[in-house]
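Comments concern the structure below.
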Amino acid sequence: MRLIYFGTGTFALPTLQSLAEHTVLVVTQPDRPSGRGLRLAPSPVKTLAQSLELPVASPERSRAPEFLELLQSQEADALVVASYGQILSTAVLESARCGGINLHGSILPRYRGAAPIQRAILEGETQTGITVMQMDKGMDTGDIISIERLPIGADETYGELQDRLAELAASMALTWLPKIVAGDYPRTVQVNAHMTLAGKVEKEEAELKWDGSAEIEYRRFRAFTPTPGPFMKTNQGLLRLHSLRMSDLNGAPGTVLSVNPLTLALDSGALQFLELQPEGKKRMSGRDFANGARLKVGMSLSENQ
RNA sequence: CGCGGGGUGGAGCAGUCUGGUAGCUCGUCGGGCUCAUAACCCGGAGGUCAAAGGUUCGAAUCCUUUCCCCGCAC
């Protein structure tokens with residue numbers, strides 16, 4: 001089997017690992033300036049590919065003619081795509097004998113798009129899964145080859161769930177690609193009427209609000225942990241939130257209901273702030289934060305108080 | 001050189017502007033109270049104030065340099 005692997009994010013890592021011996025070329029997004037100091041940083045997939053000593057290509061535009069030639073020259077059996085980050089043109093997909101095979105982090109046709117895992121958690125879903133799919137020119141609209149499901153834990157974060165899904169994707173890829181290359185696999189057309197969209201995540205969505213319900217804001221916390229990173233504006237400054245739990249307590253929004261564990265009331269319900277991080281500080285327990293900020297039960301962290 | 005915050009007993013912080021023998025909450029150790037306790041009371045230990053140099057009678061605090069940590073933006 002000769003495979004070309006398209007991937008960028010951490011979701012794509014386990015699958016690349018499991019298919020490495022069949023992979024003749026890894027395609028990933030170009031290095032981007034990132035982090036403090038704006039130094040150029042390689043994608044997670046590029047880093048792994050290099051340690052596996054696989055050839056790497058990072059075209060700015062995957063549809064560029066010279067890149068298309070490179071793809072065609074590989075005479076690959078299939079393109080395997082997982083969290084690549086660019087739309088692949090029909091010409092690109094047709095550069096391999098069996099076209100593009102996508103590993104998508106949802107039960108298609110639900111949650112088509114860029115952020116299926118985050119959106120599923122945010123919507124309060126209790127299960128999700130991986131769909132192996134024959135790509136076509138649309139966004140996650142191709143024929144379904146296989147679906148496997150996973151329950152979503154009540155306290156599970158996006159990062160944790162993504163890790164489990166990524167492992168599932170890797171094992172499914174290992175199972176199905178030989179069959180696909182051999183031409184022996186089922187194809188089921190998606191029922192478009194059941195589709196939903198899972199749009200890209202914006203940073204502002206990760207802000208928890210005092211006037212939200214604890215249940216929904218907790219889902220928000222889970223959906224955007226660890227990236228882009230949930231946060232909350234308080235009269236103590238911006239707090240990044242690392243670990244929360246639901247609380248049974250109630251009170252006026254923003255009120256400190258308990259100092260150990262640090263429990264703050266929202267509009268409906270309350271949340272325990274187990275680990276957080278003030279701007280410019282290291283992450284710390286809610287208890288330590290309460291100590292340093294001299295918080296007492298009854299005080300408010302709501303901005304305008 | 002993208003913008004910014006910070007390094008003070010084990011933890012989180014105050015004190016730095018207006019130099020003058022280091023303070024708060026928590027933890028820890030010992031004792032007490034209690035049926036009991038993560039609760040309460042009493043007492044104790046524990047700090048080269050990131051590092052180096054400089055100014056000064058005197059520096060956590062002022063000046064210079066270095067190291068380390070972190071947030072935002074990307």
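Chain A is the first sequence line, chain B the second, and so forth, proteins listed ahead of strands; every chain is numbered from 1.
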For the residue pair Arg63(A) and Phe67(A), would you count it as a cation-pi contact if the rule is NZ or CZ under 6.0 angstrom from the ring centre and within 45 degrees of the ring axis?
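No cation-pi geometry.
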Searching all strands shown, indicate the nucleotide that pairs with [N] (Watson-Crick or G-U wobble; both distances under 3.5 Å).
{"N": "rG2(B)", "result": "rC72(B)"}
{"N": "rU25(B)", "result": "rA11(B)"}
{"N": "rA50(B)", "result": "rU66(B)"}
{"N": "rC40(B)", "result": "rG32(B)"}

Exercise answer: donor-acceptor pairs, residues 86-98 of chain A side-chain atoms, under 3.5 Å, sequence neighbours excluded:
residue, atom, partner, partner atom, Å
Gln86(A), OE1, Ser62(A), N, 3.2
Gln86(A), OE1, Ser62(A), OG, 3.4
Gln86(A), NE2, Gln29(A), OE1, 3.0
Gln86(A), NE2, Glu60(A), O, 3.1
Ser89(A), OG, Val92(A), N, 3.2
Ser95(A), OG, Val92(A), O, 2.6
Arg97(A), NE, Asp77(A), OD1, 3.3
Arg97(A), NH2, Asp77(A), OD1, 3.1
Arg97(A), NH2, Val181(A), O, 3.1

Write down the distance between [atom1] ([X]) and [atom2] ([N]), rounded to a whole number of angstrom.
{"X": "Gln277(A)", "N": "rC70(B)", "atom1": "CD", "atom2": "P", "result": "8 Å"}
{"X": "Arg294(A)", "N": "rU25(B)", "atom1": "CZ", "atom2": "P", "result": "8 Å"}
{"X": "Asn260(A)", "N": "rG12(B)", "atom1": "CG", "atom2": "P", "result": "16 Å"}
{"X": "Asp31(A)", "N": "rC74(B)", "atom1": "CG", "atom2": "C1'", "result": "14 Å"}
{"X": "Leu239(A)", "N": "rG12(B)", "atom1": "CG", "atom2": "C1'", "result": "14 Å"}
{"X": "Lys233(A)", "N": "rG71(B)", "atom1": "NZ", "atom2": "C1'", "result": "15 Å"}
{"X": "Lys282(A)", "N": "rC68(B)", "atom1": "NZ", "atom2": "P", "result": "13 Å"}
{"X": "Leu262(A)", "N": "rG12(B)", "atom1": "CG", "atom2": "C1'", "result": "12 Å"}

For residues 265-277 of chain A, which residue pairs qualify under salt bridge (charged side-chain N to carboxylate O under 4.0 Å, His left out), counting only residues two or more places apart or in two chains?
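Pairs touching residues 265-277 of chain A that pass the test: Glu275(A)-Arg283(A).
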For Lys203(A), report the nucleic acid contact type (base, sugar-phosphate, nothing); a contact means any heavy atom under 4.0 Å.
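Contact class for Lys203(A): sugar-phosphate only.
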How would you label the contact of Arg287(A) with the nucleic acid (heavy atoms, under 4.0 Å): base, sugar-phosphate, or nothing?
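Contact class for Arg287(A): sugar-phosphate only.
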Say you pick atom [atom1] in [N] and the same atom in [M]; how far apart are they, in whole Å?
{"N": "rA14(B)", "M": "rC49(B)", "atom1": "C1'", "answer": "13 Å"}
{"N": "rG5(B)", "M": "rC41(B)", "atom1": "P", "answer": "39 Å"}
{"N": "rG43(B)", "M": "rG23(B)", "atom1": "P", "answer": "15 Å"}
{"N": "rU55(B)", "M": "rU64(B)", "atom1": "C1'", "answer": "11 Å"}
{"N": "rG4(B)", "M": "rU8(B)", "atom1": "P", "answer": "23 Å"}
{"N": "rA51(B)", "M": "rA59(B)", "atom1": "C1'", "answer": "15 Å"}
{"N": "rG10(B)", "M": "rA50(B)", "atom1": "P", "answer": "13 Å"}
{"N": "rC29(B)", "M": "rU16(B)", "atom1": "P", "answer": "34 Å"}

What pairs with Pro55(A) under side-chain contact (heavy atoms from CB on, under 4.5 Å), at least two apart in sequence or on another chain?
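Only Leu25(A) meet the side-chain contact (heavy atoms from CB on, under 4.5 Å) criterion with Pro55(A).
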Applying side-chain contact (heavy atoms from CB on, under 4.5 Å), can you list everything that pairs with Asp31(A), at least two apart in sequence or on another chain?
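For Asp31(A) the side-chain contact (heavy atoms from CB on, under 4.5 Å) partners, ignoring immediate neighbours, are Leu40(A), Pro42(A), Lys46(A).
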If you define the side chain from C-beta out and look only at heavy atoms, does anything of Leu271(A) sit under 4.5 Å from Ser247(A)?
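No, every pair of side-chain atoms sits at 4.5 Å or beyond.
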Side-chain contact, heavy-atom cut-off 4.5 Å: Met133(A) with Leu108(A)?
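Yes - at least one pair of side-chain heavy atoms lies under 4.5 Å apart.
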Which is more 5' along RNA chain B, the nucleotide nearest Phe289(A) or the one nearest Lys296(A)? Just name the residue.
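Closer to the 5' end of RNA chain B: Phe289(A).
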Contact nearer the 5' end of RNA chain B, comparing Arg283(A) with His242(A):
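The residue whose closest nucleotide sits nearer the 5' end is Arg283(A).
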Spell out protein contact along nucleotides 4-11 of chain B as letters: B when the base is contacted, S when just the sugar-phosphate is, - when no protein heavy atom is under 4.0 Å; keep the 5' to 3' order.
BB-----S
Got a sec: does the NZ of Lys203(A) have more than 12 other heavy atoms crowding it under 6.0 Å?
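Yes, because the 6.0 Å sphere around NZ of Lys203(A) holds more than 12 heavy atoms from other groups.
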Which side-chain N or O atoms in residues 11-20 of chain A pair as donor and acceptor under 3.5 Å with protein atoms at least two apart or in another chain?
residue, atom, partner, partner atom, Å
Thr15(A), OG1, Ala170(A), N, 3.4
Ser18(A), OG, Thr15(A), O, 3.0
Ser18(A), OG, Ala170(A), O, 3.4

